[in-house]
Amino acid sequence: MYLYPLLVIIAASSFGVVSTIIKLAMRSGFSVSEAVTSQFFIGFCIALCIFLVTNRSKFSFNGVKFLILAGILTGLTNIVYGHSLNFLPASLAVVLLFQFTWIGMLISCISKRQFPSRIESISLLVLVAGTIPAAGLMDVDLSQIPFQGWLWGLAAALCYSFFLFVNGKATASMTASNRLVWVSFSAFMITAVFQSPEIIWNGTLFNEGLWMYGLALGLFGMIIPVFLFTMAVPKVGLGMSSILSAIELPIAVMVSVILLSETVSPLQIAGIITIIIGTCLPTLLNKNGLLSKHKMSKQTMAG
């Protein structure tokens, strides 16, 4: 009941650290494009090392199309989200990205041809209510936002939703390290096409210190979340995974406060608490439901 939802929460929390690391890289003089490229290049290198050290079987190609697609969607999410920041304030970009909560639920309902449960619907409403104040959107003037900014922000949410959906396709015949190699390789390739691959050979990555940020980004933005999502999403389901992944926003805000000394208003704190409640709600309600069923079964056996 708790293990796989906890793995989804840890994976989403890991993603929540990424934005702060990118901001730290920018403070050191690197661009977003350079930081993102370093993330996926070093992430692929780490995944390859893990495979060579831990995997004793042959390199597998079973279910590889889903893994390649997952990697492409991972790279596209970062590329599109970074592009949205050219048109949107950071707070609004975060809110648009977090529309993956209901988009993921919609994709889950369409794929399963069923409506969301009452628990999932209540959690979504709570999450939406907490997202806007948590991101500090109350003070943003929306009238000056260009139309393409909205499109790029929602496109990032769509890419992230499909990333979770594809991760729900179990590849049980393939080892975890094998999956990591395929996802990280395809993510790096799509990133290299649109971002800054020249950092690998022009000295920026290793001679100017970008590798330190790339190492942190590769771990928190690729290795940890992809490994855990691939393991847990098939067990938890896309709809519930979308809800649990909303923990990413509170983590992003809290880490930025700790590492970047950013200020948080009481309204943002209230929004963060609301999101945490919305994230925990399904597990708590399911627990109560399972406990009641367990008691009923005991009474039936006793009778």
| task | Establish whether Phe147 and Tyr81 are linked, either directly or via other cluster members, by ILVMFWY side-chain heavy-atom contacts under 4.5 Å. | result | no
| Can you tell if the side chain of Ser84 reaches within under 4.5 Å of the side chain of Leu96, non-hydrogen atoms only? | no
| request: Report the C-alpha distance between Leu164 and Ser245 in whole Å, list the side-chain angles of each, state the deciding distance to 0.1 Å, and finish with yes or no for side-chain contact (heavy atoms from CB on, under 4.5 Å). | output: CA-CA 10 Å; Leu164 290 175; Ser245 295; 4.2 Å; yes
| query | If Ile, Leu, Val, Met, Phe, Trp and Tyr residues are connected whenever their side-chain heavy atoms lie under 4.5 Å apart, and connections chain through other members, are Val36 and Phe206 in the same group? | reply | yes
| How far apart are the closest heavy atoms of Pro133 and Gly271, and which atoms are they? | CG-CA, 3.9 Å
| task | Mind checking ring-ring contact (aromatic ring centres under 6.0 Å, His included) for Phe165 and listing every partner two or more places apart, or none if nothing turns up? | result | none
| field | Heavy-atom closest pair, residues Phe40 and Gly75 | value | CZ-CA, 4.0 Å
| message | Assigning hydrophobic clusters by single linkage (Ile, Leu, Val, Met, Phe, Trp, Tyr; side-chain heavy-atom cutoff under 4.5 Å), is Leu106 placed with Leu125? | response | no
| For Glu34 and Ser196, does a side-chain donor sit closer than 3.5 Å to a side-chain acceptor? | no
| Are the side chains of Phe188 and Gln39 in touch, meaning some heavy atoms are under 4.5 Å apart? | no
| remark: Here the ring pair (Phe, Tyr, Trp, His ring centres under 6.0 Å) pairs for residues 99-130, sequence neighbours left out, are Phe98-Phe100, Phe100-Tyr160
| Rounded to the nearest 0.5 Å, what separation is found between the CG atom of Leu69 and the CG atom of Leu76? | 9.5 Å
| Would one find more than 12 heavy atoms of other residues, nucleotides or ligands at under 6.0 Å from atom CZ of Phe15? | yes
| With hydrophobic residues grouped by side-chain heavy-atom distances under 4.5 Å, do Ile251 and Leu259 end up in a single group? | yes
| said: If I take atom CG from residue Leu154 and atom CG from residue Leu97, how far apart are they, to the nearest 0.5 angstrom? | reply: 10.0 Å
| Nearest heavy-atom neighbours spanning Ala155 and Val80 | CB-CG1, 3.7 Å
| Rounded to the nearest 0.5 Å, what separation is found between the CG atom of Leu215 and the CG atom of Leu210? | 11.0 Å
| task | Take Thr191 and Asn78, measure what side-chain contact (heavy atoms from CB on, under 4.5 Å) needs, and give me the verdict at the end. | result | CA-CA 9 Å; Thr191 305; Asn78 284 269; over 6 Å; no
| request: Answer yes or no: is there a donor N or O on one side and an acceptor on the other, between the side chain of Thr37 and the main chain of Ser33, under 3.5 Å? | output: yes
| message | Once rounded to the nearest 0.5 Å, what's the spacing between atom CE of Met105 and atom OG of Ser241? | response | 9.5 Å
| query | Quick one: do Met212 and Phe41 end up in the same hydrophobic cluster if we chain Ile, Leu, Val, Met, Phe, Trp and Tyr together by side-chain heavy atoms under 4.5 Å apart? | reply | yes
| Is there a donor-acceptor pair under 3.5 Å between the side chain of Ser14 and the backbone N or O of Phe220? | yes
| query | Between Leu219 and Pro225, what is the shortest heavy-atom contact and its length? | reply | O-CD, 3.7 Å
| request: Kindly indicate, with the supporting measurements, whether the criterion side-chain contact (heavy atoms from CB on, under 4.5 Å) is fulfilled by Ile223 and Ile50. | output: CA-CA 10 Å; Ile223 301 300; Ile50 292 173; 4.1 Å; yes
| task | Taking the side chain as every heavy atom from C-beta outward, state whether Ile42 and Leu205 have any pair of such atoms under 4.5 Å apart. | result | yes
| said: For Phe44 and Phe185, take the angle between the two ring planes, folded into 0 to 90°, and tell me which bin it lands in: parallel under 30, tilted 30 to 60, perpendicular over 60. | reply: tilted
| remark: Ala252 and Thr20 have their tightest heavy-atom pair at O-OG1, 3.9 Å
| Once you round to the nearest 0.5 Å, how far does NZ of Lys65 lie from CG of Leu67? | 11.5 Å
| Looking only at side chains, do Ser28 and Tyr213 share a donor and an acceptor under 3.5 Å apart? | yes
| task | Please confirm whether the backbone N or O of Ile68 pairs with a side-chain atom of Ser186, one donor and one acceptor, at under 3.5 Å? | result | yes
| query | Which atom pair, heavy atoms only, marks the closest approach of Ile272 to Pro250? | reply | CG2-CB, 3.5 Å
| field | Qualifying residue, where the test is side chain to side chain contact (heavy atoms under 4.5 Å, CB included) with Leu244 and the options are Leu6, Ile9, Ile10 | value | Ile9
| said: Could you measure the distance from the CG atom of Leu48 to the OG atom of Ser184? Nearest 0.5 Å is fine. | reply: 8.0 Å
| Close side-chain approach of Tyr4 and Val8, heavy atoms under 4.5 Å | no
